[in-house]
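Chain identifiers are assigned alphabetically (A, B, ...) following the order of the sequence lines, protein sequences preceding nucleic acid strands; residue numbering begins at 1 within each chain. Note that the structure is a prediction, hence the values are computed from the model and not measured. Side-chain atoms are counted along with the backbone in the values below, which use heavy atoms only and exclude waters and symmetry mates.
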Protein chains: 2
Amino acid sequence: MIKHTVTFKLKYSKGSEEEGVFLKAATQLKTIPGIKNFECLHQISAKSHFEYALSMNFDSMETYNTYSEHPEHTAFVRKYWAAYVEDFLELDYELM
Amino acid sequence: MIKHTVTFKLKYSKGSEEEGVFLKAATQLKTIPGIKNFECLHQISAKSHFEYALSMNFDSMETYNTYSEHPEHTAFVRKYWAAYVEDFLELDYELM
């Protein structure tokens, strides 16, 4: 099982209309086949400037790659991620 | 529920004796009261230089703070974390 996470900061403030538009679009990603346990999170540690995260599980790297290349994912990246996100860090985990 | 995560890179290589000593000590943290779903993880995204992560859940910020100040945690930080870790990032999450 692979846990794919991406933590990020938006160009827009919390409570803004743009935040709402972005998070609504991000939440739609969960309908892409192969995703398990999709979560939309607030990052709350004061030791990091990131403010949000998306987290999802995949059964295999193949399923993960299928998600990455899925038209709904690439359209989201092009239309929303590139326009709304100021900074991000992708972290993927496997149990030891 | 708060998910506390810390991703990190060691000063020592994978498979080294030092890696084994550090990870064994880190795994012992799970016995501290209040921790739920403790996980020791490999970070596998090539987009980040971090190589490991610890992840654990707490029911409340109070429980999280009790863990942070627990003598076994502070001893681990002093004896192992400070000596073995080259770089790290702490990220804490709450469900939206």
Quiz item: Do B:S45 side-chain atoms and A:D92 backbone N/O form a donor-acceptor pair below 3.5 Å?
Solution: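 Side chain of B:S45 to backbone of A:D92, a donor-acceptor pair under 3.5 Å: no, none is there.
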Quiz prompt | Short side-chain to backbone donor-acceptor contact, A:T7 and A:Y52, under 3.5 Å | solution =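 Such a contact is found between A:T7 side chain and A:Y52 backbone.
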Quiz item: Any side-chain heavy atom of B:L54 sitting closer than 4.5 Å to one from B:C40?
Solution: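 Side chain of B:L54 against side chain of B:C40, heavy atoms only: contact under 4.5 Å found.
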Quiz item: Of all of A:E90, A:K47, A:Q43, which one pairs up most often with chain B through heavy atoms under 4.5 Å apart?
Solution: A:Q43
Quiz item: Pick one: which of B:W81, B:Y84, B:F50, B:Y80 meets ring-ring contact (aromatic ring centres under 6.0 Å, His included) with B:F8?
Solution: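 Answer to the ring-ring contact (aromatic ring centres under 6.0 Å, His included) test with B:F8 among B:W81, B:Y84, B:F50, B:Y80: B:W81.
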Quiz prompt | Toward chain B, the part of A:L89 with a non-hydrogen atom under 4.5 Å | solution =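 Side chain of A:L89 only, per the 4.5 Å heavy-atom cut-off to chain B.
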Quiz prompt | Interchain contact, A:Y93 with chain B, by part (heavy-atom threshold 4.5 Å) | solution =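 Contact with chain B is through both the backbone and side chain of A:Y93.
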